[in-house]
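Remarks on the structure that follows.
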Amino acid sequence: MSYTAIENMRKQNMERFGCDLGPQQPPLYHNPAGQNDLKSAALRFLHERCEGLLFDPEIEAKERQTGTYLGKGLSADQIPYNMEMDINRLCLEKALEAFIDSGVAEDAYTVYYCYLDMFLGRYGNSKRMVELLSEYEANGSSLLMKHRDHYSHSVYVFALGLAIYETNAAYRHSFQCFYHLEGKNENETANLFLEYWGLTSLFHDIGYPFELPFEQVLSYFEVDHQERGKGSLYLAYHDVEALTGLDDVAKVHFETLYGKHFETTSELLAHDIAQKLGSTYDFSEQYLLDVLNRKPTEPNRFGYFMDHAFFSASRLYRELAEELGADNLNPMHIDALSAIMLHNSLYKFSIAFYKDREKRKAPLKAELHPLAWLLMLCDELQCWDRTAYGRNSRTELHPMAVDFDFSDSAIRAIYYYDREEQEKIDAFKLKYTAWEAGGEQGKPPRLKAYSDMAEKEQRFTADIEKIVDTGFCPLYIRPDVRKVDRRSKHTYLSGSNFLHLYDFAVALHGRRLPPETTAQELEAKFNSQSLEYQLSGINRAKSFSRYLNALGCFYTDRPVDYEMVTAFTSEQALQIAPLEHERWVREHQAMGWRSGSDYETLPLARDDKQARQALREQLRCHKLAMDGEPTDDEIRAHFFSLPEEDQDKDWKPFNSMLKLLKKFDGLRIYRL
C-alpha cells in the first residue's frame with residue numbers, strides 16, 4: 001500500500017456506507033520492458049518509497065477529536081489533511097511522468113509548481129525565481145556562442161537523482177549514514193531525501209541570469225573567433241553583499257548552529273564546505289572564502305568565466321530565508337546550498353583540479369557530501385534533449401534522447417543522436433581512424449558530445465570518473481543513432497514567452513468575479529483550492545496552443561499579416577470543447593477518479609451543496625468522469641451526450657483566455 005491516507009478514506013467510506021465506494025489506490029506506472037529505466041525508477045521512488053510524505057499526526061489527531069476534516073479539495077475542510085498530502089504527492093508523481101514523456105518546458109513548469117507548493121508554501125511566492133531563468137534563456141541566450149537549456153535540464157537532473165536513490169543501495173546507505181538516519185523508517189528517510197534533493201537539483205542553475213550577461217559581452221568578441229583571455233572586455237559584479245549579506249536573525253541562528261559568526265552566505269558556505277572536504281582535499285576555510293569572494297568580482301582569475309553556481313546558491317538562500325524564515329533553516333538546507341555552490345566550477349577547478357595532471361586530487365566520494373556527489377553526477381549525465389540556444393550550440397551534435405538501465409546498482413546509458421546527422425558522424429569516424437593510423441599524433445578529432453562517447457578514450461565517462469567516485473555506481477556509456485521523434489513534445493506554431501501560466505490560470509479561475517477584483521483577491525481565490533485543482537487550471541491554460549492548432553490558429557506577440565481572432569464562433573467552440581473534455585477526462589483518470597454519481601444520492605446527515613461536494617472529494621468519483629481506457633472517439637461521443645450546460649464548461653473559459661492573453665503578454669491570436 002503506497003497511498004495510505006487514500007486507503008484509510010476508502011475504509012472509512014466502507015464503514016460509513018456499507019459498501020466499497022472508493023477512493024481507489026492510484027496504479028503505479030508499469031513498463032513491460034523493465035522496471036529500472038529512468039521513468040520507472042523515478043516514479044517508483046515517489047509512489048512507493050515516499051509513503052506518508054508530509055503527513056501531520058497532530059492535525060490527524062485534531063480531526064479525530066473534532067470530527068472535522070482539515071484538508072482541501074475543491075475548497076477547504078473537505079477531506080482529511082493527510083489525504084490531501086497523499087493527493088499532492090500523486091500530483092508530483094503525475095507531473096514528473098508527464099515531463100519525462102515530453103521533456104518540454106511547460107511540463108517542467110508543473111514539476112516546479114508541485115515542489116514549491118509542497119515544500120516552500122505556495123508557488124506564487126517563488127514564481128519569479130523560477131520564471132526568471134526561463135525568461136532569460138528564451139530571450140537572451142541566442143546572443144551567446146554556446147548555451148543550452150537549464151530549465152528542463154534541472155527537472156531531468158531531479159528525476160535522475162530519484163532513480164539513482166531508488167536503485168542504488170550503496171548511495172542510500174551513504175545518505176543515511178551521513179545524516180545519521182540508520183535507525184529511521186525507510187519512508188521517512190526517502191521523504192527527507194526528496195525534500196532536500198529537490199531543493200538541490202531543481203534550483204542548482206537559477207543563478208544563470210547572472211552569468212548570461214557576462215557571456216553576452218564576451219560573445220560579442222567571440223563572433224570574430226577571438227579567444228577569451230587577457231585583453232577581453234568582461235563584466236564583474238560589485239557590492240555583492242547586497243545578495244550575500246545575512247540579517248541579524250540569520251547571524252544569531254547560524255552562530256547557534258555552527259558555533260561561529262558569519263556575515264555573508266559566502267562565509268557560511270565556505271565553512272560548511274571546508275568542514276566536509278577541507279581535510280580530504282587539503283584546503284582551509286580561509287582559502288575557500290577567498291575563492292568565493294573573488295568569483296563574482298574577478299572572473300579574469302577564473303579563466304574569464306562567471307560561475308552561475310555562486311549566484312544560484314546565494315539567490316536560493318534568499319528565497320529560503322524569505323519563505324521559511326532564516327531561523328528555520330537547518331544544516332540540510334545549508335548542505336543543499338553548498339552542493340549547489342560546488343557543482344559547476346568550484347569543486348572541479350579550485351578544490352580537485354580534475355583537469356590538471358599534476359595537481360589532480362581524488363574524485364569526490366558520496367560519503368563526504370552525498371547531495372553534492374549526486375548533483376555533480378546527474379548534472380554531467382544530463383546532456384540529452386536540451387534546447388540549444390547559442391550560435392555554435394545550435395549547429396553542434398548533441399544527444400537528443402537516452403535509454404537508461406539502473407539495474408545492479410550500475411548506470412548503463414545509450415545516448416541517441418539524430419540519424420539525419422549521420423554524415424557528420426561518418427566524417428568524424430574517418431578522421432578518427434586516420435588519426436589512429438597516423439600514430440595518434442596531436443589532438444584527436446572531435447565531434448562535440450558524440451566523440452566524447454565514441455572515441456576509445458571515452459572522454460565523457462572518464463571526465464565524470466575524475467569528478468565523482470563511481471566505484472559503487474559504475475558507468476557504461478555508448479552512443480547510437482535513431483530517427484528523431486518529436487511527437488511527444490506537442491510542438492505547435494503558437495509561440496511567445498508564454499511563461500505566465502500561473503497568471504492565466506488564476507485569472508481564468510476568477511473570470512466570473514467583478515472586474516474590480518484585485519490580483520491579490522484573484523490569487524487568494526485560486527489558492528483556496530487544493531494543489532490538484534490548481535494544476536488542473538494550469539493544465540487547461542497549457543493546452544490552449546493545442547486547441548488553437550486544431551482550429552488552424554496560432555498566437556504570437558509579433559505583428560503578422562494574418563486575420564486576427566477576437567472571439568470563438570459556435571463552430572469553433574464545437575472543436576475546442578471536445579478537446580478540453582478529453583484533457584479533463586484523462587487528467588481525472590490519471591489522478592485516480594472514477595465515474596459515478598454516488599455523492600448525489602447517498603444519505604447524509606446534512607444534505608446541502610457543500611456536503612455533497614465534500615462527499616464527492618472523499619469518494620473521488622465524478623459523474624462526468626469515465627472508467628476504463630476510453631479512446632478519443634469514445635470521449636468525444638461522451639462529450640456530446642452531456643447536457644448543454646456541462647458542454648459549455650469546456651469552451652467558454654477560452655473566450656476569456658483571448659482577453660487574458662492580451663492583458664498579460666500582449667499576445668494576439670491569428671487565423672492561418
Side-chain angles (χ1 to χ4, degrees), residues 42-43 45-47 49-50 52-55 72 84-100 102-134 150-163 165-166 190-206 312-313 315-320 322-324 328-330 332-333 335-337 339-340 371 374-375 378-379 382 499 501-502 505 527 529-539 542 591:
L43 297 182
F45 169 85
L46 290 173
H47 194 96
R49 285 196 187 272
C50 293
L53 179 66
L54 298 174
F55 279 15
K72 284 190 294 185
E84 182 189 353
M85 296 303 102
D86 258 0
I87 294 170
N88 287 355
R89 172 159 61 101
L90 182 59
C91 287
L92 178 59
E93 180 184 334
K94 294 304 176 182
L96 186 60
E97 181 176 1
F99 170 76
I100 294 174
S102 73
V104 298
E106 288 83 0
D107 289 335
Y109 172 91
T110 47
V111 175
Y112 275 105
Y113 193 97
C114 289
Y115 181 86
L116 287 168
D117 189 90
M118 293 166 67
F119 293 105
L120 287 187
R122 64 185 179 87
Y123 174 80
N125 293 345
S126 302
K127 66 176 184 173
R128 290 305 303 157
M129 176 180 68
V130 175
E131 292 175 358
L132 189 63
L133 172 59
S134 186
H150 291 85
Y151 188 71
S152 295
H153 158 75
S154 295
V155 182
Y156 274 128
V157 168
F158 172 62
L160 272 170
L162 302 186
Y165 185 97
E166 169 64 24
N191 293 342
L192 271 176
F193 172 76
L194 172 63
E195 179 175 359
Y196 293 99
W197 169 244
L199 198 63
T200 304
S201 57
L202 291 174
F203 304 103
H204 75 278
D205 280 341
I206 58 168
S312 295
R315 175 67 182 86
L316 181 56
Y317 168 79
R318 285 280 181 214
E319 197 70 24
L320 293 175
E322 185 172 330
E323 292 304 312
L324 303 179
N328 289 317
L329 301 187
N330 62 50
M332 290 188 76
H333 288 112
D335 287 356
L337 297 175
I340 291 171
L371 290 175
L374 190 60
L375 179 59
C378 296
D379 196 41
Q382 207 296 295
L499 298 173
L501 292 171
Y502 176 78
N527 285 303
Q529 310 171 105
S530 67
L531 174 60
E532 179 180 15
Y533 282 96
Q534 292 176 42
L535 286 179
S536 184
I538 289 168
N539 287 330
K542 282 165 58 176
M591 290 299 296

Are L160 and Y165 close enough that some pair of their side-chain heavy atoms sits under 4.5 Å apart? no
Heavy-atom closest pair, residues A159 and A42: O-CB, 3.7 Å
Smallest separation among heavy atoms of S154 and L202, with atom names: CB-O, 3.7 Å
Provide the closest heavy-atom pair for F203 versus I206 in the form atom of the first, atom of the second, distance. O-CG1, 3.3 Å
Taking the side chain as C-beta and beyond, is there a heavy-atom pair between C114 and L531 under 4.5 Å? yes
Validation row, ring centre Y151 to ring centre Y112 under 6.0 Å: yes
Does S312 reach the main-chain N or O of H204 with its side chain, forming a donor-acceptor pair under 3.5 Å? yes
Could you tell me the separation between the CZ atom of F158 and the SG atom of C378, rounded to the nearest 0.5 Å? 11.0 Å
Looking at K542 and E106, would you say the former's side chain and the latter's main chain have a donor-acceptor pair under 3.5 Å? yes
Report the C-alpha distance between R318 and E322 in whole Å, list the side-chain angles of each, state the deciding distance to 0.1 Å, and finish with yes or no for salt bridge (charged side-chain N to carboxylate O under 4.0 Å, His left out). CA-CA 6 Å; R318 285 280 181 214; E322 185 172 330; over 6 Å; no
Return the minimal non-hydrogen interatomic distance between M85 and L54, and the atom names on each side. CG-O, 3.4 Å
Answer whether the closest heavy-atom distance between the side chains of R49 and N191 falls below 4.5 Å. no
Side chains of Y109 and V104: closer than 4.5 Å at any heavy-atom pair? no
Pairwise distance CG(L320) to CG(L337) - rounded to 0.5 angstrom: 6.0 Å
What residues, two or more places apart in sequence or in another chain, satisfy side-chain contact (heavy atoms from CB on, under 4.5 Å) together with A313? L269, I340, M341
So, W197 side chain and L371 main chain: donor-acceptor pair closer than 3.5 Å or not? no
Report the residue from Y156, Y115, Y113 that forms a ring-ring contact (aromatic ring centres under 6.0 Å, His included) with F99. Y156
Walk me through whether L92 and M118 qualify under side chain to side chain contact (heavy atoms under 4.5 Å, CB included). CA-CA 9 Å; L92 178 59; M118 293 166 67; 4.1 Å; yes
With side chains defined as the heavy atoms from C-beta onward, is the minimum distance between L162 and L96 less than 4.5 Å? yes
To the nearest 0.5 Å, how far apart are SG in C50 and CD in E195? 11.0 Å
Worked verdict on I87 versus S530 for side chain to side chain contact (heavy atoms under 4.5 Å, CB included): CA-CA 9 Å; I87 294 170; S530 67; 5.7 Å; no
Rounded to the nearest 0.5 Å, how far apart are CG of L120 and CG of L324? 5.5 Å
Using a strict 4.0 Å threshold on nitrogen-to-oxygen distance, state whether E93 and R89 make a salt bridge. no
Please check if any side-chain donor atom of Q534 sits under 3.5 Å from a side-chain acceptor atom of Y502, or the reverse. no
Donor-acceptor pair between N328 and H333 side chains, under 3.5 angstrom: no
One should read off an interatomic distance between T110 OG1 and D117 CG, to the nearest 0.5 angstrom, of 12.5 Å
Side-chain heavy-atom pair F45, L194 within 4.5 angstrom cut-off: yes
Any side-chain heavy atom of L535 sitting closer than 4.5 Å to one from K94? no
Within this structure, what is the CE-CD distance for the pair M591 and E532, rounded to the nearest 0.5 Å? 4.0 Å
Using a 4.5 Å cut-off on heavy atoms from C-beta on, say whether the side chain of F193 contacts that of L374. yes
